[in-house]
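When a ligand or atom number is given, it counts from 1 through the structure's own listing order.
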Amino acid sequence: MSHLAQFINGQWTAGEGQAFNSINPANNDVIWQANSATPQQVDAAVKAAREAFIPWTDKTVEQRLEVVKAFVEQLKENSEELALIIAQETGKPLWETRTEAAAMIGKAGISERAYHERTGTVENPMPVGKAVIRHRAHGVVAVFGPYNFPGHLPNGHIIPALLAGNTVIFKPSELTPAVAEFTLKLWQQAGLPQGVINLVQGEVETGKALASHPGIDGLFFTGSSRTGHVLHEQFAGQPGKILALEMGGNNPLIVKDVSDEKAAVHDILQSAYISAGQRCTCARKLFLPAGEQGDAILAQLITATKNIKVDVYDAPEQPFMGSMISEAAAKGLVAAQQQLVELGAEVLVELKHTAGTGFVTPGILECSNVSDFPDDEHFGPLLKVFRYTEFDDAINKANDTAYGLSAGLLSDSEQDYEYFLRRIRAGIVNWNRPITGASSAAPFGGIGASGNHRASAYYAADYCAYPVASVELEKVTLPEKLSPGLSLD
Ligand SMILES: NC(=O)c1ccc[n+]([C@@H]2O[C@H](COP(=O)([O-])OP(=O)(O)OC[C@H]3O[C@@H](n4cnc5c(N)ncnc54)[C@H](O)[C@@H]3O)[C@@H](O)[C@H]2O)c1
Ligand SMILES: O=CCC[C@H](NC(=O)CCC(=O)O)C(=O)O
């Protein structure tokens, strides 16, 4: 019998659709196999979530929080195993997947604060009675997750959604089903009532069946801009449904006048190559000043990039970068490098792929002379360098993208930063810090092709509930003065 990979109405069930696998991208070994959920099983999951909605939303937030806290206890007890499963499925080194497990634990407290601060209940006295603002859950929401943070990013939708009183159907990335399954088992052990979260696993067809299901009240998505745009079109003409899209980026980092060149190189490496370049916030384009300082930083960057340690997730001496998510993704990046070379890019450090694996070494391309630079998110460790003479030119080129997720300036001048801050178009704008590693205690989202103005992380509470404004008085009472033209006698 097929592996029981679907969690529907509190029961682990085998999928009845086509078989799919998860592989360890470091060596292409199959580590998980199951059958996908069919549209009928997706329908059963939506019905289970609908049945569970009223009892769940009728609980007090404190009661819902108790379950979330029990889940956090489960996460704490099992964090090492969770970190290992994330590492096996994604290729990310263990030091990094441990930080992902820790971010999942931290999400509960942050979401609790956000729930009260952004969607809490507010009462204001009025001349007659009072005005009250409350927030209500939307109902049944679908959560779609990406492969690069298979635990942390879906968790960033699921916890706020549950706290607000929604019930959830979770469709994880088909590349990381084991992480989703393990996480759902922790929810189950935490005592979550049946139907409150349902897991439907499978490839794109399962995703399509869920996204197009008429029974969902909303969809919270983290993933590529391509899929996000498909979902946006699919939701057109349905203003009653809430759609939150967290998508990719083509993120710029500008270096201007810095006194500590080594520190600048460090922040560039952290921005471009962490998670093997597979973070939505990673720097894709680096703008270096023409002249001596730019030359010196570039030379140091080339050396440091060649020295980056790339290895398996559990290497005793931990690498900075593990493997990419798959061999196909690695090959895609090699193809992107080749395409840029054909457009006029010069290879400063070649990105090289190890056949039969998802391993690549980090690469740098000099792209100042590339005409018709494609506005594609290269989701991996391939940094494109541009040299500039005028700060305004660098900012204009940095803004020359449909995306707008993260951006950064490395400069000792606060005046430069203020200028940059006023002109750059992005949802995350940093100064003298890497542009990756955003805080869950801040809003997280982008503009343009990066999002639809529904920031996540600290602001996720906003899209998990709708406001209800009430004016209230304990009993029906005649006003002291009637409106002109009214008579009750
Ligand atoms: N802004 C953010 O918060 C953020 C965070 C992490 C990753 N990302 C982005 O995510 C991308 C990498 O993740 P990915 O490759 O897993 O994304 P993806 O878009 O391929 O997949 C995301 C989810 O959507 C599902 N899906 C794909 N096509 C679908 C369709 N037509 N209908 C319904 N569901 C569908 C997938 O099965 C998966 O569950 C990168 O572009 C990255 O920048 C964004
Ligand atoms: O890959 C995209 C996410 C990258 C990550 N951002 C966050 O973790 C945001 C915080 C949150 O959602 O809680 C990063 O910036 O490195």
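- With respect to the salt-bridge test (charged N to carboxylate O, under 4.0 angstrom), the residues E73 and K69 do not qualify.
- Atoms of ligand 1 found under 4.0 Å from any heavy atom of G207 (numbered from 1 in listed order, with element): 33 (C), 34 (N).
- Using cut-offs of 30° and 60° on the angle between ring planes, the pair H138 and F220 is perpendicular.
- When only interatomic distances are considered, the shortest N/O to N/O separation between P172 and ligand 1 falls below 3.5 Å.
- Contact annotation for K171 and ligand 1: heavy atoms of both the backbone and the side chain come within less than 4.0 Å of the ligand.
- Using cut-offs of 30° and 60° on the angle between ring planes, the pair F420 and Y417 is tilted.
- Taking every heavy atom of F221 and a limit of under 4.0 angstrom, the matching atoms of ligand 1 come to 19 (O), 22 (C), 23 (C), 24 (O).
- Counting the atoms of ligand 1 from 1 in the order shown, those under 4.0 Å from a heavy atom of M247 are 1 (N), 2 (C), 4 (C), 44 (C).
- Ligand 1 has no N or O atom lying under 3.5 Å from any N or O atom of R279, backbone or side chain.
- A salt bridge links K92 to E100: one of the charged nitrogens lies within less than 4.0 Å of a carboxylate oxygen.
- Ion pairing of E203 with K171 is absent here, as no side-chain N (NZ or NE/NH1/NH2) approaches a carboxylate O to less than 4.0 Å.
- Below 4.0 Å from some heavy atom of E174 lie the following atoms of ligand 1, by number and element: 36 (C), 37 (O), 38 (C).
- On a distance-only criterion, N148 and ligand 1 share no N/O pair closer than 3.5 Å.
- Closest protein heavy atom to atom 15 (O) of ligand 2: A438 N, 2.9 Å.
- Listed by number with element, the atoms of ligand 1 under 4.0 Å from a non-hydrogen atom of F444 are 2 (C), 3 (O).
- Neither the backbone nor the side chain of F149 comes within 4.0 Å of ligand 1, counting heavy atoms alone.
- For a threshold of 3.5 Å applied to N or O pairs, the pair formed by Y147 and ligand 1 contains at least one separation below that value.
- Near F149, meaning under 4.0 Å from any of its heavy atoms, are these atoms of ligand 2: 1 (O), 3 (C), 4 (C).
- Using a 4.0 Å cut-off to heavy atoms of G145, the atoms of ligand 1 that qualify are 22 (C), 23 (C), 38 (C), 39 (O).
- Side-chain contact of T13 with Q41: a donor-acceptor pair under 3.5 Å is absent, judged by distance alone.
- Ring-plane geometry between F386 and F373 is classed as perpendicular, the angle between the planes exceeding 60 degrees on a 0 to 90 degree scale with a lower cut at 30.
- Side-chain atoms of E327 and N28 form a donor-acceptor pair, as typed in the model, at a separation below 3.5 Å.
- Less than 4.0 angstrom separates some heavy atom of C280 from each of these atoms of ligand 2: 1 (O), 2 (C), 3 (C), 4 (C).
- A salt bridge is absent between D400 and K285: the closest approach of a Lys/Arg side-chain nitrogen to an acidic carboxylate oxygen does not fall below 4.0 angstrom.
- For ligand 1, the atoms closer than 4.0 angstrom to any heavy atom of S173 are 38 (C), 39 (O).
- Close contacts of ligand 1 with L153, meaning ligand atoms under 4.0 Å from a residue heavy atom, involve 5 (C), 6 (C).
- At least one heavy atom of F144 sits closer than 4.0 Å to an atom of ligand 1.
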